[in-house]
Amino acid sequence: MSTMIEDTFEVKELDPEGRKFDLVSRVVMRSERHELDCITDINIDVYPIELPCKLTIAWAKTIELDGRPTQDTFDKALCTGKRRSLMDLYEYVITGRVYKVDTLSQQMKEVVYISYGGLLQKIVGEPHDLKDFEMDGTVYCLMKKVV
């Protein structure tokens with residue numbers, strides 16, 4: 001599998017500061033295995049979220065199953081099912097760019113900030129868990145609900 005990290009997250013809160021946009025919810029989550037804290041904006045018109053909820057979330061640098069770099073051009077075969085990718089294993093996929101990496105020195109934690117075309121995400125965790133996130137790097141965030 002070509003994911004950098006994958007974990008199951010429990011949704012703790014939806015829109016803790018109130019909803020700012022009609023079709024976007026800010027989701028506060030905590031992972032089970034890596035103990036990551038994640039706050040992410042989700043387009044709820046496309047992918048509705050309600051409490052209680054658990055999500056499997058993976059981050060990857062490519063959507064190719066064999067780990068090859070993803071093409072920079074549109075590939076219709078990915079949308080028609082003629083070519084398989086990581087997207088086939090998840091329900092909601094967004095692509096973005098890491099725009100800031102910070103260190104919380106007193107807590108010995110790393111913070112990664114990603115923008116997915118205006119949908120923002122903040123991940124806080126141990127540096128060894130977040131080591132593959134690179135400044136200005138392309139990231140795919142892949143989600144599916146745990147039933």
Side-chain angles (χ1 to χ4, degrees), residues 1-67 69-72 74-75 78-79 81 84-147:
M1 189 87 103
S2 58
T3 58
M4 297 185 296
I5 190 167
E6 182 181 62
D7 206 337
T8 300
F9 286 77
E10 183 178 349
V11 175
K12 300 289 188 181
E13 282 184 89
L14 293 175
D15 301 307
E17 298 172 7
R19 186 169 293 159
K20 309 287 186 209
F21 302 99
D22 290 338
L23 303 178
V24 176
S25 273
R26 184 149 287 173
V27 181
V28 179
M29 302 173 276
R30 174 110 175 130
S31 77
E32 294 177 353
R33 191 178 33 186
H34 295 283
E35 297 182 352
L36 300 173
D37 290 307
C38 181
I39 300 172
T40 190
D41 295 340
I42 295 178
N43 180 337
I44 58 170
D45 187 43
V46 175
Y47 198 65
I49 299 284
E50 294 178 5
L51 291 173
C53 182
K54 280 192 176 186
L55 299 169
T56 297
I57 301 179
W59 288 272
K61 293 181 182 182
T62 178
I63 55 169
E64 302 298 338
L65 291 170
D66 61 5
T70 303
Q71 297 176 353
D72 288 338
F74 176 73
D75 185 352
L78 286 172
C79 301
R84 299 208 20 97
S85 73
L86 280 178
M87 294 189 304
D88 297 316
L89 307 175
Y90 296 87
E91 301 165 338
Y92 181 71
V93 180
I94 49 180
T95 181
R97 188 163 302 278
V98 175
Y99 69 89
K100 184 177 179 183
V101 178
D102 234 344
T103 302
L104 301 175
S105 53
Q106 290 192 2
Q107 297 159 333
M108 298 179 59
K109 300 277 186 177
E110 190 158 285
V111 186
V112 176
Y113 298 87
I114 306 167
S115 176
Y116 300 95
L119 297 175
L120 302 178
Q121 185 173 68
K122 175 183 174 183
I123 310 164
V124 180
E126 298 293 327
H128 62 88
D129 289 327
L130 302 176
K131 69 184 180 322
D132 292 327
F133 291 87
E134 299 171 353
M135 186 64 182
D136 291 324
T138 298
V139 176
Y140 296 87
C141 180
L142 307 104
M143 299 181 195
K144 63 183 171 185
K145 292 178 182 155
V146 176
V147 281

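These numbers come from a predicted model, not from an experiment.
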Flag the pair Thr138 / Lys61 as yes when at least one side-chain heavy-atom distance between them is below 4.5 Å, and no otherwise. no
What's the spacing between Met4 CE and Asp129 CG if we round to 0.5 Å? 12.0 Å
Heavy-atom distance under 4.5 Å between the side chains of Asn43 and Tyr116, does that happen here? no
Can you find a pair of side-chain heavy atoms, one from Asp132 and one from Ile5, that are under 4.5 Å apart? no
Would you check if the side chain of Arg30 reaches a backbone N or O of Glu10 as a donor-acceptor pair within less than 3.5 Å? no
Return each pair, listed once, that meets side-chain hydrogen bond (donor to acceptor under 3.5 Å, both in side chains) where at least one residue sits in residues 11-25; pairs must be two or more places apart or across chains. Asp15-Arg19, Asp15-Ser25, Arg19-Ser25
Do Lys122 and Val111 come close enough that some side-chain heavy atom pair is under 4.5 Å? yes
Show your working on side-chain contact (heavy atoms from CB on, under 4.5 Å) between Lys145 and Ile49 and close with a plain yes or no. CA-CA 9 Å; Lys145 292 178 182 155; Ile49 299 284; 4.0 Å; yes
Between Leu14 and Val27, is there a side-chain heavy-atom distance shorter than 4.5 Å? yes
If a pair satisfies ring pair (Phe, Tyr, Trp, His ring centres under 6.0 Å) and one of its residues is in residues 7-28, list it, with sequence neighbours excluded. Phe9-Trp59
Quick one: OH on Tyr140 to OG1 on Thr3, what's the gap to the nearest 0.5 Å? 14.5 Å
Residue pairs fulfilling ring pair (Phe, Tyr, Trp, His ring centres under 6.0 Å) with at least one residue in residues 27-50, sequence neighbours excluded: Tyr47-Tyr92
Heavy atoms of Phe133 and Ile114 approach each other most closely as CE2-CD1, 3.9 Å
Minimum heavy-atom separation for Gly118 to Asp41, with atom names? O-OD2, 4.3 Å
Nearest-0.5 Å distance, CD1 of residue Ile123 to CE of residue Met29: 8.5 Å
Results of side-chain hydrogen bond (donor to acceptor under 3.5 Å, both in side chains) for Glu126 - residues two or more places apart only: Lys109
Could you check if a side-chain atom of Gln107 sits within less than 4.5 angstrom of a side-chain atom of Val124, using non-hydrogen atoms only? no
First locate atom CZ of Arg26, then atom CG of Leu120, and finally report the distance between them rounded to the nearest 0.5 Å. 6.0 Å
Does a side-chain heavy-atom distance below 4.5 Å link Ile42 with Met143? yes
Please give me the minimum heavy-atom distance between Ile63 and Ser85, naming the atom from each residue. O-CB, 3.2 Å
Sequence neighbours left out, what passes side-chain hydrogen bond (donor to acceptor under 3.5 Å, both in side chains) with Lys144? Give chain and number order. none
What residues form a side-chain hydrogen bond (donor to acceptor under 3.5 Å, both in side chains) with Glu35, not counting sequence neighbours? none
In this structure, CD of Gln121 is separated from OH of Tyr99 (nearest 0.5 Å) by 10.0 Å
Between Ala60 and Leu86, what is the shortest heavy-atom contact and its length? CB-CD1, 3.8 Å
Please examine the side chains of Val11 and Leu55, heavy atoms only from C-beta on, and report whether any two atoms are closer than 4.5 Å. yes
For a quick test of reading the model, state the closest non-hydrogen atom pair linking Val98 to Glu134 and the distance between them. CB-O, 3.2 Å
Asp7 side, atom CG; Arg33 side, atom CZ - distance, nearest 0.5 Å: 5.0 Å
